[in-house]
There are 2 protein chains.
Amino acid sequence: MHQIEMVAKKTGLTKRTLRYYEEIGLITPSGRTEGRYRLYTDQDIEQILHMKNLRDLLGLSLNEIKNILLLEKKYHELRENYFQDKNSVALERQIELLNQLDHTLCTQQMMLQEKVKKMDKMIEEYDQKRKRIQAKLQELHDSKD
Amino acid sequence: MHQIEMVAKKTGLTKRTLRYYEEIGLITPSGRTEGRYRLYTDQDIEQILHMKNLRDLLGLSLNEIKNILLLEKKYHELRENYFQDKNSVALERQIELLNQLDHTLCTQQMMLQEKVKKMDKMIEEYDQKRKRIQAKLQELHDSKD
DNA sequence: TATAACGTTTACGTAAACGTTAATCTTATA
DNA sequence: TATAAGATTAACGTTTACGTAAACGTTATA
């Protein structure tokens, strides 16, 4: 269990940001101390890093991320219940959630692949540009004599 | 030469956004009609698409992008002048700008590569996750009997 | 030449994502 | 046990990146 400063260091977020994310219901630390200090588990940190990826790599808004995390949470909750309450309603619901989950994962994966494609193209362009610059520099150096 | 609506369609930005980008000195259309209608060249559109990449793929702020575009513009200006005014001051300045340019390109390229790496990892993770979901779905379907 | 469809500037509004400050409480340590 | 270091909530402030509306000019077309 880690306190907020540690988590801030490990995730690269500010303490304010962590509190803000809790405020909007994005990520809630699993526990609190007697004196109401926030306590984050390793799993909490994992989730924070995951959502940082969604933010920084996919460029999703905090609201979009919230929905994604909510869906995942829902599924896990149902899975817990499923073991206790093994009825067909829960089963059908679980199948539905799994399909939803797969769908969003698929969507995100496609977005990632699209982006990677574009970024690879961009890297290629930069290679060309840089080559031209190097050539130009060489040319200028030669003309110095 | 294209009017603003065309450019909006071709770039996927709104007209308001195009005007805003001009307002903050990010991208200025090369010309205007008699009646002060904005006129964008094909090159302007290229630049807009380039900066969209910087925004959407690298996640840079408009201010950071502005500096990058400014540097590129500076270099091109000096290159123009260089042909007319071939003195050693311009030459040294041009070498300096070229080095700066290469440096920012290199930085951006590295950022891109970092991101691609992380995204590839993320895609891999998603593959694993989706496989588990598929297995789970199969399992649930089987248990239906 | 009227009018619809496009453009212009100006200016106020807004949502998202935090920063900052103040007042107060907890907790480890000397 | 005093005190410094770090935590808490509450509330207001700020920046970025546009949206929206008003009032008005331009241009193609019937």
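Every chain is numbered from 1, with letters handed out A, B, ... down the list of sequences. Just the heavy atoms: all of them, side chains too, but no hydrogens, waters or symmetry mates, feed the values below.
Checking Asp56(A), Ile65(A), Ile68(A) one by one against Met51(A), the side chain to side chain contact (heavy atoms under 4.5 Å, CB included) holds for a single residue, Ile65(A). Checking each of Arg16(A), Arg32(A), Lys15(A) against Glu22(A) for a salt bridge (Lys or Arg N to Asp or Glu O under 4.0 Å) leaves exactly one that passes, namely Arg32(A).
The minimum heavy-atom distance linking Tyr126(A) with Leu105(B) is given by the pair CD2-O, 3.5 Å. Closest heavy-atom contact between Ala8(B) and Thr14(B): CB-C, 4.4 Å.
Comparing Arg32(B) and Ile24(A) by the nucleotide of DNA chain C that holds the closest heavy atom to each, the one mapping nearer the 5' end is Arg32(B). Take the nearest nucleotide of DNA chain D for Ser61(B) and for Arg36(B): the residue whose nucleotide is more 5' is Ser61(B). If Arg16(B) and Thr33(B) are placed on DNA chain D by their nearest nucleotide, the residue sitting closer to the 5' end is Arg16(B). For Gly35(A) and Leu60(A), each mapped to the nucleotide of DNA chain C holding its nearest heavy atom, the one lying further toward the 5' end belongs to Leu60(A).
Using a 4.0 Å cutoff to heavy atoms of chain B, the contacted part of DNA chain D runs 5' to 3' from dA17(D) to dT27(D).
Electrostatic pairing of Glu96(A) and Arg93(A) counts as a salt bridge here, judged by a charged N lying under 4.0 Å from a carboxylate O.
In terms of modelled atom types and a separation under 3.5 Å, the side chain of Asp44(B) and the main chain of Thr41(B) share a donor-acceptor contact.
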